[in-house]
Structure formats: structure tokens, C-alpha cells
Amino acid sequence: MEKKYIIALDQGTTSSRAIIFDREERIVGTAQKEFNQIYPKAGWVEHDPMEIWASQSAVLTEVLAKTGVKSEEIAAMGITNQRETTVVWDKNTGKPVYNAIVWQCRRTADICDELKAREGLEEYVRKNTGLVVDAYFSGTKVRWILDNVEGARERAERGELLFGTVDTWLIWKLTNGRVHVTDPTNASRTMLYNIRDLKWDERMMRELEVPASMLPEVKDSSEIYGEANLGGVGGKGGQRVPIAGIAGDQQAALFGQACFSPGEAKNTYGTGCFMLMNTGEKLVESKNGLLTTIAIGLDGRVEYALEGSIFVAGAAVQWLRDELKLISDAADTEYFASKVENSNGVYVVPAFVGLGSPYWDMYARGAIVGLTRGANRNHIIRATLESIAYQTKDVLGAMEEDSEIKLQALKVDGGAVKNNFLMQFQSDILGTRVLRPEITETTALGAAYLAGLAVGFWRDKEEISRSWRLDTQYESSMIEEERERLHRGWRKAVERAKGWEE
Ligand SMILES: Nc1ncnc2c1ncn2[C@@H]1O[C@H](COP(=O)(O)OP(=O)(O)O)[C@@H](O)[C@H]1O
Ligand SMILES: O=P(O)(O)OC[C@H](O)CO
């Protein structure tokens, strides 16, 4: 049967998605399922790995059923995932030894403080892993599991336990425990991977007390890793489909946005907000609070990116909906924010899990400042959306300094870019054009491209570049003095939120 489609699995922080693309990058069908966020203590965030797997395999089945696409028509499958989130499981039973510790989780802040106190280690981490010492990354999360789950360290030392980020966990499940792999984009988020030598870093394994036997094999982001059995009933029948692409969701979005040349950048507005700029084969060290990360691993070589990681963006909108109950749907924020002329001096700093780039403060916590008697719910809603744009502005400023490139336009994607108020305010506060493409599911598209390239479904990056299509362009209409005035207020608000929990 003719191979007409690529399927992408996009395992995000709040939901699992499966999307089928045809050769013209049209979305043929989508299925999506939210899953539980577990908050055992203030600042802690977990997911149940079995629920991640169940929701991901459910949407895979659902998208095939609802589109009528046959598994024989699928050329390959690509995987993209929330990054850093850490799963440790028993390789014999397939059972996780603990819940997945989510990237947002702050429980390892004290381990980070201990690492920072070790002579020269922070510098070593920056130089060799491209990261800062922060609870965000997988390394301290693995260490926490080994230190805190009874018997885990002994079992890990006996070679019985495996570690994986979510890509690794899903591929292990999809291949019935046969394949234990990851790719350089995910490996570069663990604090255990040397982004210069392109291998697991001996010193970091020692410092974090993580046995080498737990770590997956690191393969290219686009190659065949194994096969998944699709479309069978009760474990029988079905079609074997190659799993042929892996990338962390932010790097997948960079690829899906066709940011292939040095200096091209995108910002993805999901739970958090992640801006990545391709720096090609050049590894740029940040002096302004950004990360150096691997953009992609192709044909045995890697390209690098500078990254600004904002921990809370769309999640602040969910907070307005679920905790404050100011809205019933995320999309309502656009209407309410537009009902007021400005935020009336109110600033929301959504530092719910500390602050990432460029501030790096594990102990910051959320704040609403500038309240007066006239402040109403629309101002708070508006200030929440504005906080996403301000955080992005701070990251872009750092990126322009580090890269010495002035960005002419910012390509955007992710769930929150549907919000026209946010996009216009973003352009206003940056003073830069904002470009929203027709396909905003760029994360899934990037994973589809990687899988498609591995099996010859798409020819090369040039073919992909030609497919990028603009939907809307936003241009700034704010005068510089106003931009600076508003931004000064934001910086003051951030100062108030810093170090709160220390
Ligand atoms: N119209 C909207 N305005 C603002 N935020 C939105 C809107 N629609 C969705 N969001 C936010 O976008 C996020 C979902 O985007 P998505 O890319 O699916 O995230 P993720 O991959 O991180 O799970 C949610 O946090 C949600 O609150
Ligand atoms: O799942 P998302 O889209 O919120 O992305 C999460 C990031 O990969 C965390 O680094």
C-alpha cells in the first residue's frame, strides 16, 4: 500500500497528542488527551509515567480510528516530548520506580546548592553541558530518585534500572522494551551529556552519582531506532511502522519552523515559553543567562542553539482559569484583556516554579504588584498575558547580546499564539515583527519532518524550507518611550518576586 502519511507523537507537559501529516504537511487528523498533573508539595510537580504512556497510546489509536488512515499507509513515526522530565524504571518488569519528576519540579534545589558549592563545578557544567546548575534539568532528578526511593540505588548499581526522558520511555514502551535510546537534543537537557565531546560525561555521572548502565544510547535525531506495532488487536496482527525521528519539543519546533540557518529563531508559547536561536556548528557560550543546547543531531553531526527557557507562560493562563476562576477558557483572555486600555499599573510575575532565563532564581515565587483600588479582574488577566511578553522580551535581549544578531522578526508557535492580543502586545513590547505561520503545530511537524527525512518521505531541508507559510504578521505600533516605561515597571516587579522562598 502506498505510504502517504507520517505520524507524530507530541508528548507535552499537559497533554499527549498524535497528529497525522500528509506529504504537503497538511494535518489529516489530530487526537489529544490531557493527563493528571500531580503536585505533592509546594513547588513539586510529577506525572504518572504509565498515564503518559496510556494517554499517548490512546491518542495514537484514536487518530487512526477517526481518520480512517491505515497503519500500512504510514511511512514512519516521529516522537517529540516535554524535555528534562525524568523517568526511572525497572528494565525487567517495565515498572517505573517512582512518578516522573517533571521539568518544572523544584524539589532538587538543595542538591543544586550543594553542587554549586563544589569547587569549579558550576563552570564545568556551563562549559561542558551548556546548562546552568538548576533543578530544571534531569541529572539532579535522577539523583533524587536514587537517593529517596528505597532500594533504588542498589538496584541501579546492579544494572537493573533504566533512566529516560519521555522520548526514551515512550520508545521503550512502543518497542516492548527492546530499544533504549535518546537523541542529542534530549541528552543535552540532562546535565549528564557533554555537548562538546558528544557523549555522556564521566565527571557529571560521578558528581551526580548516576551509574552509566542507566543511560540510553544517544542516536541521531533522524534515523530508524526500531519499530512500533500499529493497528493490531489484542497484541496480534497490525503493521510494523519505523520509529524514525526524535527531538525534544523545543528543538522539534525550531526544526518545524525551518530555522535551519544560524541566526534564525523561534519562540514557542505553550505551558512555558522557549526561544531558540540556531547557531549552526558554532557553540555559543552565553554571558547573559541563556543555555547552550543541541539544536539537532543529523548525519552524525550536531548543530547548536542558544535557548531562553521561560518556565511559566500558558500555565499562567491555566492558573487564571483553574485556580482564580477568572475565565472559563484560555481563549477568553483575549476578550477580557482587550476590554481595558492597559493593565492599570498591575504586573503579574508568574514565578510559580522560580524563574528560568535570564534570571535563574530557583527561589523566586509568583507576585501581583501595583494593585490599587481601581484594579479589576481584566487588569489582572491582561497583566498575566503581558507577563508572557515581558519574559520573552528579557530573553530576546539576552539572545541579541550573546549572538550579536539583531532579530528582524520572531517566528512564533504553540498553543497560546492563537491569542491576537498577546501577539500584538508581544510585537509592541519587542519593537520587532512577530510572524505566525499557518501551521502552529510546529513541534509535531518538526518530529514528522525528522521521521520523514529518515525514510525518504521528504527529500531534504531545502524542500522543508519552501513549505513554511505565513498566516499573520504583527507589527509594533508602540512608541519607544512607552515601551521603555512599561518594561521598567516589569523589571521592578521581577525584583520583588526574586528570592522569596530562600
Ligand atoms: N487563546 C489562548 N490564549 C492564551 N493562552 C492560551 C490560549 N490557548 C491556549 N493557551 C495556553 O497554551 C497552553 C497550551 O499550549 P500547548 O502548545 O498545547 O502547550 P504544551 O505543549 O506545553 O502542553 C496552555 O497553557 C494554555 O493555557
Ligand atoms: O511540553 P511543553 O511544550 O510545555 O515544553 C516543555 C519543555 O520541553 C520543557 O523544557
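Counting starts at 1 for both ligands and their atoms, following the listed order.
Looking at atom 5 (N) of ligand 1, its nearest protein heavy atom turns out to be Ala416 CB, 3.5 Å. In terms of protein heavy-atom proximity, atom 15 (O) of ligand 1 is closest to Gly415 CA, 3.3 Å. Given atom 7 (C) of ligand 1, the protein heavy atom at minimum distance is Ala330 CB, 3.7 Å. Nearest non-hydrogen protein atom to atom 24 (C) of ligand 1 is Gln318 NE2, 3.7 Å.
Here Thr333 has side-chain heavy atoms under 4.0 Å from ligand 1, and that is the only part of it that gets that close. Residue-level proximity to ligand 1 for Ala315 is carried by the backbone, the only part with a heavy atom below 4.0 angstrom.
Taking the six-membered ring for Trp and thresholds of 30 and 60 degrees, Trp360 and Phe137 have ring planes inclined between 30 and 60 degrees apart. Classified by interplanar angle (parallel below 30°, tilted 30° to 60°, perpendicular above 60°), the ring pair Trp144/Trp44 is perpendicular. In this structure, His487 and Tyr390 have parallel ring planes: the angle between them is below the 30° cut-off, well short of the 60° mark.
In this structure, Glu386 pairs ionically with Arg382, as a charged nitrogen and a carboxylate oxygen lie closer than 4.0 Å. Checked for salt-bridge contact, Lys461 and Glu264 miss the test: no charged N lies under 4.0 Å from a carboxylate O.
For residues 129-141, the pairs satisfying side chain to side chain donor-acceptor pair (under 3.5 Å) are Arg83-Tyr136, Glu84-Tyr136, Arg106-Asp134, Thr108-Thr140, Tyr136-Arg189, with sequence neighbours left out.
Residue-level contacts of ligand 2 at the 4.0 Å heavy-atom threshold are Gly12, Thr13, Gln82, Arg83, Glu84, Trp103, Tyr136, Asp249, Gln250, Thr271, Phe274.
Proximity of a side-chain donor or acceptor of Arg483 to a complementary backbone N or O of Met478 within less than 3.5 Å is detected.
The shortest N/O to N/O separation between Gly314 and ligand 1 falls below 3.5 Å. Every N/O-N/O distance between Gly414 and ligand 1 stays at or above 3.5 Å. Checked against a 3.5 angstrom limit, the closest N/O atoms of Asn419 and ligand 1 fall inside it. In terms of polar-atom proximity, defined here as any N/O pair under 3.5 Å, Thr271 does make such a contact with ligand 1. Of the polar atoms of Thr14, at least one N or O is found under 3.5 Å from an N or O of ligand 1, judged by distance alone.
Heavy-atom distances between Glu334 and ligand 1 stay at or above 4.0 Å for every pair. The shortest heavy-atom distance from Arg321 to ligand 1 is not under 4.0 Å.
Judged by the 6.0 Å distance and 45° axis criteria, Arg26 is not positioned over the aromatic ring of Phe21.
Between the CD1 atom in Ile19 and the CD1 atom in Ile7 there is a gap of 9.5 Å [rounded to 0.5 Å].
In summary, of the residues considered (Ile246, Val302, Ile294, Thr185), a side-chain contact (heavy atoms from CB on, under 4.5 Å) with Ser221 occurs for Thr185 alone.
The nearest pair of heavy atoms linking Leu298 to Ser222 is CD2-CB, 3.5 Å.
Aromatic ring centroids of Phe274 and Tyr269 lie 6.0 Å or more apart.
Using a 4.0 Å cut-off to heavy atoms of Arg17, the atoms of ligand 1 that qualify are 18 (O), 21 (O).
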